[in-house]
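Since the structure comes first, as structure tokens, the remarks are kept for the end.
Just so you know, residue 1 is the first one in the sequence shown, and it goes up from there. Being a predicted model, the structure only gives us computed values, none of them experimental.
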Amino acid sequence: MKRSYLPVALLLAVLMLNIIFTQYMVHQYFYENYTNTIIAAVINVILFPVALLIYKKGVNVHD
């Protein structure tokens, strides 16, 4: 059976979003916008279980 690259692409997208929101969080913290800092941190925390779900679905593909 062919290997599916969709989970890999989705994990790369989640990683890219993590990098973007982390950079945004640091930038907002530097300029003392603490509300935006907390929002970006919460989004980063939410993206972690999403990445775990994508990984578990991708691993369970039967070869």
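- The line from CG of Leu47 to CG of Leu52 is 11.5 Å long, rounded to the nearest 0.5 Å.
- Counting only residues at least two apart or on different chains, the side chain to side chain donor-acceptor pair (under 3.5 Å) pairs with a member in residues 6-25 are Thr22-Asn44.
- Interatomic distance, CD1 of Ile38 versus CD of Gln28, reported as 12.0 Å (0.5 Å rounding).
- The hydrophobic clustering, which links ILVMFWY residues whose side-chain heavy atoms are closer than 4.5 Å, places Ile43 and Met25 apart.
- Tyr5 is linked by a ring pair (Phe, Tyr, Trp, His ring centres under 6.0 Å) to nothing, counting only residues two or more places apart in sequence or in another chain.
- Criterion: ILVMFWY side-chain heavy atoms under 4.5 Å apart, direct or through other members. Under it, Val45 and Val14 are not part of a common hydrophobic cluster.
- The ring-ring contact (aromatic ring centres under 6.0 Å, His included) contacts involving residues 30-52 comprise His27-Tyr31, Tyr29-Tyr34, where partners must be two or more places apart or lie in separate chains.
- Val50 and Ile39 fall within the same hydrophobic cluster, where Ile, Leu, Val, Met, Phe, Trp and Tyr residues are linked whenever their side-chain heavy atoms come under 4.5 Å apart, directly or through other members.
- Residues Ile54 and Pro7 approach most closely at CG2-O, 3.7 Å, considering heavy atoms.
- In the hydrophobic clustering of this structure, Val59 groups with Leu6; members are Ile, Leu, Val, Met, Phe, Trp, Tyr whose side-chain heavy atoms approach within less than 4.5 Å, directly or through other members.
- Remark: Leu12 CG to Leu17 CG distance equals 11.0 Å, nearest 0.5 Å.
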